[in-house]
Structure formats: structure tokens, C-alpha cells
Protein chains: 2
Amino acid sequence: MNLGLIPAKWAALTPQRTALIDIPHQRRINWADLDTRVRRLANGLRALGLRSGDRVAVLSRNSIEYQELYFAVGRAGLVLLPLNWRLSTDALRTLVTDAEPAVLVASAEFRNVASELGRAVDLVSLLYYGPTEDGSYEELIASAPDSEPPWCEQVRDTDPYFILYTGGTTGMAKGVVHSHRSAAAGMLNQTVAERIVPSDVYLLTGQMFHIPVVLSMNYLAHGCPVVLMNFDAQQALAVIEQERVSAFLGITTMLNWMLAVPGFDSYDLSSLRNIQYGGGPMPSAVVRAVAEAFPCGLIQGYGQTEGTTMSFLSQEDHRDALRGVHPHRLRSCGREGFGTRIRVVDPNGHEVPRDGKTPGEIVVRSEANMLGYFRRPELTAATLQNGWMRTGDVATWDHDRYLYIVDRLKDMIISGGEKIYSIEVEEAIGRHPAVLECAVIGVPDERWGESVKAFVVLKPDQKATEEDILDVARKHLASYQKPRSVEFIAELPKAPTGKLLKRALRAPYWADKDIP
Amino acid sequence: MNLGLIPAKWAALTPQRTALIDIPHQRRINWADLDTRVRRLANGLRALGLRSGDRVAVLSRNSIEYQELYFAVGRAGLVLLPLNWRLSTDALRTLVTDAEPAVLVASAEFRNVASELGRAVDLVSLLYYGPTEDGSYEELIASAPDSEPPWCEQVRDTDPYFILYTGGTTGMAKGVVHSHRSAAAGMLNQTVAERIVPSDVYLLTGQMFHIPVVLSMNYLAHGCPVVLMNFDAQQALAVIEQERVSAFLGITTMLNWMLAVPGFDSYDLSSLRNIQYGGGPMPSAVVRAVAEAFPCGLIQGYGQTEGTTMSFLSQEDHRDALRGVHPHRLRSCGREGFGTRIRVVDPNGHEVPRDGKTPGEIVVRSEANMLGYFRRPELTAATLQNGWMRTGDVATWDHDRYLYIVDRLKDMIISGGEKIYSIEVEEAIGRHPAVLECAVIGVPDERWGESVKAFVVLKPDQKATEEDILDVARKHLASYQKPRSVEFIAELPKAPTGKLLKRALRAPYWADKDIP
């Protein structure tokens, strides 16, 4: 299946139905018009002299044009390279130097960065769109024929379709390559988890350079409209009411913000059927608050850019846990998805006991696994082994194969030969009533290899000393797990998605050393 | 995806949950036991000396063993050859001579036929199961190790998985070869159409040598129990109540029989969520009766052995049509499924107008299309052309791409250069109040090439002459469409599935000629 053909299908079946609703630009486009523009765009890109497999980079916030590019590159046998516009120009320069796109498409807003990137890489063309653009993107579409792009037929579903870079903040960024097949397999898992019906309307809360774009792509594959926005909690509630949104993906922070919107109860959210959340387990209290506030089912997804969503805590799991059956499962990220096999293994590849206690690494077998890392054969070989993908995530699993994430493998601290899972230490420190949040890392220690260091953010107007924190840690942890030092800071370094960046905490300590 | 791994997945996730419920033999088996038996069976079959791609034939009514064989051959890299036990021994001999199975597995009931077939083909082994068996099937399972069959890893999903013979009654039978991939693609279409939930329970009403076995396989892929029976209307109602069945496939005759069961209203059918029906459009009156009698959604599927289910008239289509929105769509077999592209084309391959009037041949593009016909490269090449499969079915389509089957291409009559669709003539004759049912064929005609002949079954205690029939035909048809002759018969030749066998009507007239 060439995913670029999605608009062809729905232009045939429901040409007048809305495909995309672009909230920031107050536009909408139906399937017939979208398909015509996608065909023209595909022909136009090839007319620039591009060959199958060439990369087309995009630097833009969510927009109709962005989605057009996803479809057009598939239709033209090209590969999309969505760029994270939140990165610095230096970081982006590193990415495009690695990925060597032949074309860069940017919205007018990113004109300066785009033209800088254009100097770093040998582009065939640099195209712009947006309200203050030079008209080049629209000219390309207008000048190209609307005939079916012939290259579409030559695309095998195992050919690369898009490359998403991860780990971009450290200069160690790697390009995760997905094929039409792997993306479609991720979408199938979502279809089964979300039980999509034709009347669904999906709200894309994230940015289209992140892997959850596969979720919105899946709703489009079902012919359901997707609403594009740049997330704002109050606006999200208004959009759900106005567009009768039935499903969206909410990370913890987003859901907390939405719950805190003044007049929350005045929004009509009755159209919602499903909220999926992810990016690590959500505190049970938040899950309960969300379940009470939103009139719909909840799904937790656990995934990675490399494998899209791999496990799900289903609607039924939530329903049971919330009414007291296996309530601890609210802390689990669920079980393997429909087309996925998951094992939790020790360093020798043997399954660890399913006792809910013994940690191991999550490994995944699935057609949704990435093809590999772009131009990184050794890293690819270290990650994809005998058909299984190493996730680098440490988890326990229980008798029924529910997964409990313990840590990122690379966040695990080894001190005096003992493995210390930072999440356990963080949970202990979090019990102190003055602590808002904390992060625990390993820092170099000549005697022990690494020692435990805690960064603590206190609640406003609350106080605690290093000794207070060590006291609570001592009370709940083994001696070897206890922090050697505590540092109070104003806030933890986080990505704009709300994801904690431990790398940034670790960097100063490990600058002249091999990061373990 | 190797479909033989389905029990491995659910033995891991829900080992104690029932996988199969065998009504005739009053047995049930859970996933853990099923998976162990499947692994042993796969190892046992290979231990007989079989190589990847070798065929394993089955001659049996629906049973747990039958489903075990479907899974075990996948797990062992072998190919299943389900035989239609309703065929004559001569017809079966033709099939096995063509397909050359290495092993034949039969239930005790078919011991005589099986041993005759064993003489026609060079078998490595002939295994029996069932209450009066020789124990050979169980011995094979008991003697083999329960380790994971290593051949499973070597199976590519485009490898052949099973062969279903069609057209078996004429000696022109052809083996339709499906791969793991094509079967899985058909299952995906079903997943989207049926919107399966974990609590579903599926009742297999048909026989496992027919393509709807893919529907029950799909429920198994979702971890849902499948109930096996040999269809009986009264028993089906009792089983739905007793096993809390949520979905089944009902052909028109089955549904009519079920509606006619005395005390229909006394059965608790509240567990039903979906009834799918197929095998040609069902008279609107029957659809309405079914919708009123059964408390669930209706789906019509149109399919072929070669492509599994290709189009669907959805739950929403039924709901709309039954409440008066596009009510004529109850005569349609719906629109292309999730992973399917459908076109209706003229003999030059150009789409016919979407006017609901102009007939053309349905052609289908889908990953669910068969690999081809076994050892029939020319027939395969004539059927699969440039990625599209010719169905041989003639249909019109409307502006919204709803399909209306007009005829089988081979049932179309050409008389004096004019195309005559037998269904149109049959509908005209059916307007005579004394006609119960009729079938129209073309017979050789020296002047016109073919001429129209009608076979008519009258209602009990009713009378009509040939002239009465011709009168009603004249009234509703063009002159060239009118039958040249009418023959009254007691009943029409039908397959046990209720499907009309026009071949049987045509045979005497075309015995010494090329069938057009």
C-alpha cells in the first residue's frame, strides 16, 4: 500500500467530504481538491529532476501543505524529511547535512532558517508557502499536470517513505526511516486500538514532524477529517466543541492544562469517543481526573519513533481499573498491540520472570518496526537483531504481560556494580510533600563508577533542605540507591512536548567523558 | 505476518481463554492448549519429511482439528488444501491429482473417500481423526516435540498459505492460492468493516473449505472465540443464546430459515452486534425482516474466493437505507473495502459511466487478491492484469461508487450481437404472480449465436403457460431480451450453499460446443 494514495481513495468515495481543517489559517479542504493538489505536487516535485528515494525536507508548523507533502512524496516515490522547527539552526544544519534533501519546503515563518539551511546543503529547489510567501510552492502546484504520477506504481511498500530524526538536541541525532509498510502496520495497530468509525473526527495535537503523525494519517486512511492546530488548551476545547472532534492524543501536560481551563464544564465535549495518551505512564490521579472530566474511553499507548505505538492499555483495561479491578494497571502501559510481539529480556536475550518485579529490556517484533537508521548501519544492526527491535526501555512485566516501564536503559545508573533505576529514586524523593518534581541522574564517581545525583524543584512557597530530601530517600530506598548529592533548581529542562531532557542535566558532568 | 502464529500470540496474552468451541463434538479448547497442539502438529508434519510449500489436504467437517491444521501448516511453512467433502469422489480425485498433496488428513466420517483418494496420489501419510479413528492424527501430535517449529521463521508473508478449489462441479476446478499476506489483507478489510472488540464471539456458519474461513480466522487473530457448527437454523439460534455469539455470516437462505424457526422470539439474541451477509444481494424484504428480527447491525459483503470480501454495504448504509435515506442501496453490494480499490470497466479497461445504468466488469486492486491459480499460469495471467484482478462479475455503479451486480460475465447472453443480462430477464419473469423462481441461460442458436431460454419453477398450486410467461417478459423487456423458450421444472439446480448452478442448466445444450 502506497500511503500517498489515501487521498485518491477518498476523492473517489467522498470527494466533497472535508479532509483537513486547518484551524490556525481558518481553511479547510475536501478530498477532491486535496487529491488534485497532491497529484500536481507529486508531478511538480519530479519535474524538478528528483529521482525515487530523494528526500524532500519540510520546515513548517502543522498545515494543509504539510499533509499534502506527506501524500505527494509517497505518490512520487520520494521520501519526506520533516524537520523539527523547535531545534536551533545549528542542529537543523547537522540534520540536513546528514540527510541531504534535494528540496526544502518551508512556511514563510521559517524563511530565514530555511535560507540558511539552503546554504548548507545542495538543494535542487527551495520552496515557500504561507501568507507572506514568494508563491513558489503554489506555482509548482499550478504549473504541474494533474495526471496520476506514474512513479506511484513503482513504489514497493518496503521502500522508505519518511525519515524522522530523534535525539536532535545533542548532535547525536539519528534519522529513523519508515517505509509505507511499517507506517501502515503502525496504523493497523491504531485501527484496532481506536476502533475507528466513519463518523470520527481527529484532532492532531502534536506536530507533524513527530511520530504520532501516524495516528492522524490513520484517520485520514479511514476517510475521517483531521483537524490541524498548534496546541493551546483553551482553543483545543473550543475546537473539540466546534468541529465535533471524536478523538485526540493528549500527553499528561496537555490534559492537565485542559482540565485547568476556566469554565471547562461549559464546553460541549459530547462528541469525544477516545482519548489516547502516552509518553510514559500518567499519574493515576490524573487518569482518574481525565476519566471523570471527559465523556469518552481512554487508551494509553507506549511507543517510540522507531516502532510507532507498540503497546496499549485498552479502553477495557481503563474501565476495569477505574472501577477497582486490577487498579494497579493504571500504572502499566498495557500489552503488545494487534500486530506486535513484545518480550522483556535480560542481557542474554532470555525472558525475565513475569513477576512484576524483575526488570529487563523491552524488545519488539513487528512489521511497524523502522527499516533502520538513515546511513547508520552499525547502529541499525545494534538495534534490529534477528527480527527483534531493542527499545532501550527497561520494564517489568506481570503474569498477564502488562508492561511497567522502569527506566530508559541509558538513564539507568550503575554504581558499585549495582543497577539503580532513576524512576525508583525519583518516586521516593517525590514522597516529600515539598517536592514538585525531580530528576535523578548518574554522575561520574571515581570510586563507584557513577553516583546518584538528584535535581529537585520545590513547590512554590515550600521549603526543604538537602538533608530533608536524603531523609525521605533513606526511608524508602536501599542504601546504594540513595543520592550522594541533591541540587535544588527552579525548573527541570524539558522539550516543548513536556518530555524531560536528562541529557541536558547530565551533559556538564560528562562533557569530557564517554557517556555511559 | 505468519497466520500460524495467531495461537502463539493469544497463548501468551490470554492462555486460559477459550479459543474454539466445537458444538457438534461438545468440546472446547483454550489458547494455551491449542498453541501447544499446533506446535506439536507442525513439528510432526515436518517430521514426516515434508518440505516448505508441500500441501497438506484436509477432508472433514468443521472441527477443532481443522483449525489446528490451518495454524500448523502456517507454522511449519506448509500449504493447506481444504477439500470440499460435498464433491463426488471423482471430482475430489481430480483435485488431489492436480494439487498433489503430500499428506491427507481426514475425519473418520470420510475414511472411505480418503482411502480412495490415497490411491490416486502419492501420499507420504494419511492421517485420521474423529471418534472412530485409528488414532494416527493424535499419535502424530503426541509423538512430536512442543518446541517452536523453526520453519516458521523462514516463511515470507508472500508465500502460499492455502489453496481453495472453486468451480469443482464441472471438472474445470481451479485452485485459488492465497498467501499469508493476502489472507491477512482480507482480514484487515473485515476488521474495519466489523469493528471487532475483544469481547466478541464469532459463529462460523459455513464450512472451513470456503473462503469465509478468513472471517473466523480474523476473529481468532483478535483473540475472540470462534464457535464451530454444521449449520442448522434452530441450533444456530440456540448456540447464539448459549455462547453469547456477537457476529456471524448468514447467506439469504440461512437467515430465512432462522426467521422461520418456531418460537424465534423466545431466543435471547441480545449478544449479537453484527450480521454479515453475502453471496449476491438479498431481496430488500428479507433485509428488512432480518433488521427487524435481529437486534444488531447488518453488513453486506461482496466477495470471491480469489479476493475474499471486496466490497461492503456498511452498518451505516443499512441504517440509512432502512430509515428511507437512499433506500435503493439495499440492492447494492456497497463500496470498496478499506484496503481495496474497485473500478467498473468496459472491455477496453476504461471506467464505465457512474450512472447506475451502464454495466461493466468489476476489477479489483488489493493486497487481498490471490497469488494466482495453482499451476495455471495462463488463467492467472488472464485474471491478474497489471495489478488488477478481473472478477468476471458484471455490475453498474452509481455516482457514489455503490456497486449493483448485474450478472456473472459468463452468465451474460449474446444474441444477435446484443448483450442480454440474465438477471434482467429473470426479474421480468419474476413479476408473474405464479412464479416462485426462475433462471435464464443462453442456448446455442444457429441464427443468433445464442438465444434466451428460461427455466421456471411455479409456486405450489399455481399455474401458468409458456405464453403467460412470454407475455410478462414482453411487457417489461426489449424484444431481443425476450426468451425464445420457457421450460417449467420442479426445482432449480443449486449447490448445498443455496447458490444457483447455471452450469448444470447449460451443460446439456453445450455438451458438444465451446461454452461461451
Side-chain angles (χ1 to χ4, degrees), chain A residues 1-2 5-6 8-17 152-154 157-158 181 184-185 187-189 191-200 218 221-223 297 311-312 314-317 319 334-343 351 354 365-368 386-387 397 399-402, chain B residues 1-2 5-6 8-17 152-154 157-158 181 184-185 187-189 191-200 218 221-223 297 311-312 314-317 319 334-343 351 354 365-368 386-387 397 399-402:
Chain A
M1 185 196 196
N2 184 321
L5 283 168
I6 288 171
K9 180 179 186 87
W10 295 102
L13 291 178
T14 52
Q16 300 307 315
R17 192 177 181 201
C152 184
E153 290 287 312
Q154 295 151 25
D157 61 0
T158 50
R181 170 91 71 91
M187 288 158 62
L188 169 56
N189 280 350
T191 291
V192 173
E194 297 238 320
R195 300 167 200 162
I196 296 173
V197 297
S199 56
D200 275 330
N218 191 39
H222 284 268
S311 78
F312 295 89
S314 72
Q315 290 105 313
E316 287 77 14
D317 289 329
R319 217 166 294 153
R335 306 204 284 184
E336 60 184 34
F338 181 69
T340 307
R341 303 291 303 276
I342 286 183
R343 302 167 66 218
E351 289 189 3
R354 296 205 307 276
R365 179 165 198 138
S366 169
E367 288 196 356
N386 300 318
W397 57 349
H399 177 261
D400 296 318
R401 292 179 184 251
Y402 284 82
Chain B
M1 184 197 193
N2 185 321
L5 283 168
I6 290 171
K9 182 180 185 85
W10 295 102
L13 291 179
T14 52
Q16 300 308 315
R17 193 177 180 199
C152 183
E153 290 287 312
Q154 295 151 24
D157 60 0
T158 49
R181 170 91 71 93
M187 287 157 63
L188 169 56
N189 281 349
T191 291
V192 174
E194 299 237 320
R195 299 168 201 161
I196 296 172
V197 296
S199 55
D200 276 330
N218 191 38
H222 284 268
S311 78
F312 295 89
S314 71
Q315 291 105 314
E316 288 76 16
D317 288 329
R319 218 167 293 154
R335 307 203 284 183
E336 60 185 34
F338 181 70
T340 308
R341 302 292 302 275
I342 286 184
R343 302 167 65 219
E351 289 190 3
R354 298 205 306 275
R365 179 166 198 134
S366 170
E367 289 197 355
N386 300 317
W397 56 349
H399 176 262
D400 296 318
R401 293 179 183 252
Y402 284 82

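Within every chain, numbering begins at 1; the chains are lettered A, B, ... in the order of the sequence lines, protein sequences first and strands thereafter.
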Quiz item: Side chain, backbone, both or neither: which part of B:Ala8 has an atom under 4.5 Å from a heavy atom of chain A?
Solution: both
Quiz prompt | Heavy-atom pair count under 4.5 Å with chain B, highest-scoring of A:His222, A:Arg365, A:Arg354 | solution = A:His222
Quiz item: Do the side chain of B:Lys9 and the main chain of A:Gly339 share a donor and acceptor less than 3.5 angstrom apart?
Solution: no
Quiz item: Which answer fits A:Ala221, side chain, backbone, both or neither, if we ask what part of it has an atom under 4.5 Å from a heavy atom of chain B?
Solution: both
Self-check item: Interface residue of largest heavy-atom contact number with chain A, from B:Asp400, B:Asp157, B:Thr191, under 4.5 Å
Solution: B:Asp157
Self-check item: chain B contact via A:His399 - side chain, backbone, both or neither, heavy atoms under 4.5 Å
Solution: neither
Exercise. Of all the heavy-atom pairs spanning A:Glu367 and B:Met1, show the shortest one and how long it is.
Key: OE2-N, 3.1 Å
Quiz item: Where does B:Gln315 contact chain A at under 4.5 Å (heavy atoms): side chain, backbone, both or neither?
Solution: neither
Quiz prompt | Heavy-atom closest contact (B:Pro198 atom, A:Arg195 atom, distance) | solution = CD-NH2, 3.1 Å
Quiz item: Relative to chain B, which segment of A:Leu188 carries a heavy atom at a distance below 4.5 Å: side chain, backbone, both, or neither?
Solution: side chain
Quiz item: If you take all heavy atoms of A:Leu13 and B:Arg335, which pair is closest and at what distance?
Solution: O-NH1, 2.8 Å
